[in-house]
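Proteins get letters first, then strands, A, B, ... in listed order; numbering begins at 1 in each. No hydrogens, no waters, no symmetry mates; every other heavy atom, side chains included, goes into these values.
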Amino acid sequence: MNHTEEKPATEKSLNFIEHIVENDLKTEKNGTRVHTRFPPEPNGYLHIGHAKSICLNFGLAKSYGGQCNLRFDDTNPITEDTEYVEGIEADVRWLGFQWDNKFYASDYFEQIYGYAEILIKKGLAYICELTPEEISANRGTPTKAGVESPYRNRSVVENLDFFARMRAGEFADGEKVLRAKIDMTSPNMHLRDPILYRIRHAHHHRTGNAWCIYPTYDFAHGFCDSIEGITHSICTLEFEVHRPLYDWLIEQVEIHHPQQIEFARLNLTYTMMSKRKLMALVQNKQVNGWDDPRMPTIAGLRRRGYTPAAIQDFAERIGVARRDGIIDVALLEFSIREDLNKNANRAMAVLEPLKVVLTNFEENEVKEFDAVLNPEKENSGTRKVPMSRVIYIEREDFLENPDKNFFRLSPSQPVRLKHASTMIRLQRVILNSQGEIEELHCQAIPEPDYQADKTNPKIKATIHWVSEHNSVEAEVRVYDRLFTVADLSEVEDYTTALNPESLKVLKGCKLEPSLKNVKQGESFQFERKGYFCVDKDSTENDLVFNLTVTLKDSKGK
RNA sequence: UGUCCUGUAGUGUAACUGGCAACACGUCUGUUUUUGGUACAGAAGACUCCUGGUUCGACCCCAGGCGGGACAACCA
């Protein structure tokens, strides 16, 4: 049977944007072209919400044989920096996408300036000398019309002259702006003579000091789309009210008219998605940088052990629509578990060790077992696991006074040691001076011997373990959600919702010998615990692992 | 007391031109299992926001309500 071909497109339901694209293709609105773009502002790092947009834009181009540009929306020199453009490029590539072209809004500053002159000549733009406060006051409110600027009806000649002198640097910041002349009574605030150009004597990360006036987002964005021949300009819902202005500007200048389409931004439970607030978390040291594994940034997710495949799968599953909502973070966790279950090799690691002496082992006796690397993957191979007189098991896997639902080791219940075909039966509990359990003495019984004696209790559980012999010590960072509240939009001050237990550093964890020579970024399933990856802080002698996500746990149900 | 957008199982997304409301996650059962994982089988869960209209037939079209969101940066 041949499984090479994809499912026919008709079997897959389309999202509303795909419906639009297919219809445009059918009517040849843009010929056979589909051209999208991902337009980040280089003023911060990308997060999982951006990943949704990246998957959407690049994905659309891919599935319809089109192109997708990466375009940095760098119209505000005071917040932008090359550090961020580099980070963004790395993140997009890491996610698995390659842009057809890389552009910057600043590439078009000269052309955009020309469009401004066209508008002025058409009597559709003017130089306004009101202060920011006056402009704001004159704009009115959504329910109250604005009033026209006294500078609104200057002559074209005067406007052209002032505009040239603005560019020449004759005026200070804020002294003058270029405004569109549209309608101060429009119910859409964005049509009340929006600002097109402002004076900013600031160094731009790409154009240096060539300009001291910069176009606003509204003025630049549609023109950039148009110049690049974008067919579908996809953005989030908050730009919906900007669309009439987007359309108006392009119509006045009479150039290629891309279609702006808005979709609902991603919201995730227990996750904050505001770039500004994420920046604050970093600056206030509530996390350890943009790539802190608790951060929803691409860099954070990468360090946490998330894979591009899992993030793409997640983006696919959540779909695209226009209604606002909030996705359960459990869906993201499902995507990464599904990927890692299939692809991560298994290893045994005891995070909170309890020493167990196997009393029937000789002092230097070592047995060795073969353990499969990944039971979900054919021919994944095996690794050697040694067993010696002293082993460690997870503290939580032993209970002196268990209830009915406890399946693991207890005074009356032996357990199997995974991969070892060996049962251990408790002989003695050794307490320290505080009366706490210090170590266990157990008898090790090979499985055939154990099963041969029909009076032995039925084995109910198999636990992981690590022998002292050749074991590796490591630090393991166990993460929990950064916030305690599911819907952060309902919290006035997010700092009150921070989870004090979002990071637990476990030291002295015992790992099996196969984990001795791991590489940074490598992922493993620590059997029965979860998926962990090697952190960048890891060195040859001091291993550090991050919890990516725990295994699903139905204990106690 | 404006304009625009938006209401479908707990969550998210489908349902093409008006024709049995489907899929995924989550939840719950069971089977298998040397991971309380995975896999497999199954279940519960929706007056499709409400009221009326058009129609043989409405999640879909129309009217009116109600709920949620966006918009008043020289940010994007």
Heavy atoms under 4.0 Å, any strand shown: does [X] hit a base, just sugar-phosphate, or nothing?
| X | value |
| --- | --- |
| A:E527 | base |
| A:R346 | base |
| A:I78 | nothing |
| A:G174 | base |
| A:F406 | base |
| A:L130 | base |
| A:P244 | nothing |
| A:E262 | nothing |
| A:S136 | sugar-phosphate |
| A:T269 | nothing |
| A:K552 | sugar-phosphate |
| A:R322 | sugar-phosphate |
| A:H190 | sugar-phosphate |
| A:Y197 | nothing |

Exercise. Any idea which of B:A76, B:U35, B:G36 is nearest the A:Q525 side chain?
Worked result: B:U35

Exercise. Among B:U35, B:U6, B:U38, which is the nearest nucleotide to the side chain of A:N341?
Worked result: B:U38

Pairing of [X] and [Y] as salt bridge, 4.0 angstrom limit:
| X | Y | result |
| --- | --- | --- |
| A:R206 | A:D74 | no |
| A:R243 | A:E262 | yes |
| A:E89 | A:K102 | yes |

Exercise. For A:R528, which of A:T550, A:D397, A:T462 qualifies under side chain to side chain donor-acceptor pair (under 3.5 Å)?
Worked result: A:D397

Seminar exercise, completed: Sequence neighbours excluded, the answer for salt bridge (charged side-chain N to carboxylate O under 4.0 Å, His left out) partners of A:E368 is none

Exercise. Sequence neighbours excluded, which residues qualify as salt bridge (charged side-chain N to carboxylate O under 4.0 Å, His left out) partners of A:E396?
Worked result: A:K529

Distance between the [atom1] atoms of [N] and [M], in whole angstroms?
| N | M | atom1 | value |
| --- | --- | --- | --- |
| B:G30 | B:U38 | P | 16 Å |
| B:C47 | B:C28 | P | 22 Å |
| B:U48 | B:U11 | P | 15 Å |
| B:G19 | B:C60 | C1' | 11 Å |
| B:C66 | B:G52 | C1' | 14 Å |
| B:U6 | B:G26 | P | 30 Å |
| B:C74 | B:G68 | P | 29 Å |
| B:C59 | B:U51 | P | 13 Å |

Quick one: side-chain hydrogen bond (donor to acceptor under 3.5 Å, both in side chains) partners of [X], sequence neighbours excluded?
| X | result |
| --- | --- |
| A:Y64 | A:E22 |
| A:D247 | A:H257 |
| A:T382 | none |
| A:Y197 | none |

Partner of [N] by Watson-Crick or G-U wobble geometry, both contacts under 3.5 Å, or none?
| N | result |
| --- | --- |
| B:C74 | none |
| B:C23 | B:G12 |
| B:U54 | none |
| B:G67 | B:U6 |

Taking side chain as C-beta onward, heavy atoms only, is [X] less than 4.5 Å from [Y]?
| X | Y | value |
| --- | --- | --- |
| A:L196 | A:F163 | no |
| A:I54 | A:P40 | no |
| A:D107 | A:I227 | no |

Problem set entry | Positive for ring-ring contact (aromatic ring centres under 6.0 Å, His included) with A:F72, one of A:F38, A:Y108, A:Y104 | A:Y104

For this session: Please state how far atom OH in A:Y214 lies from atom C1' in B:A76, giving the value in whole angstrom units.
Result: 16 Å

Exercise. In whole angstroms, how far is the P atom of B:A73 from the NE2 atom of A:H242?
Worked result: 11 Å

Exercise. Which one of A:R383, A:K384, A:K418 satisfies the salt bridge (Lys or Arg N to Asp or Glu O under 4.0 Å) criterion with A:E512?
Worked result: A:R383

Enumerate the protein-to-nucleotides 17-25 of chain B contacts in which both atoms are nitrogen or oxygen and the separation is below 3.5 Å.
residue : atom : partner : partner atom : Å
B:A24   : O2'  : A:R317  : NH1          : 2.9

Exercise. Is any side-chain N or O of A:S13 closer than 4.0 Å to OP1 or OP2 of B:U13?
Worked result: no

Problem set entry | Upstream residue (5' side of RNA chain B) when A:I195 and A:K460 are each assigned their closest nucleotide | A:K460

Problem set entry | Residue met sooner reading RNA chain B from 5', once A:I327 and A:C128 are mapped to nucleotides | A:I327

For this session: Answer yes if the side chains of A:Y45 and A:E83 hold a donor-acceptor pair under 3.5 Å, and no otherwise.
Result: yes

For this session: Check if the side chain of A:R528 and the base of B:G36 share a donor-acceptor pair of N or O atoms closer than 3.5 Å.
Result: no

For this session: Could you tell me whether the side chain of A:H19 has a donor or acceptor atom within less than 3.5 Å of a complementary atom in the base of B:A14?
Result: no

Exercise. Which pairs, with at least one residue in residues 321-345 of chain A and sequence neighbours excluded, count as a ring-ring contact (aromatic ring centres under 6.0 Å, His included)?
Worked result: none

Hey, what are the protein-to-nucleotides 2-4 of chain B N/O distances that come in under 3.5 Å?
residue : atom : partner : partner atom : Å
B:G2    : N2   : A:P187  : O            : 3.4
B:G2    : N3   : A:P142  : O            : 3.1
B:C4    : O2'  : A:E240  : OE2          : 3.3

For this session: Specify the residues of residues 102-109 of chain A, ordered by number, for which at least one heavy atom lies under 4.0 angstrom from an atom of RNA chain B.
Result: none

What N/O pairs connect the protein and nucleotides 64-68 of chain B at under 3.5 Å? Give each pair on its own line.
none

Exercise. What residue pairs, at least two apart or across chains, pass salt bridge (charged side-chain N to carboxylate O under 4.0 Å, His left out) with a residue in residues 328-339 of chain A?
Worked result: A:R317-A:E338

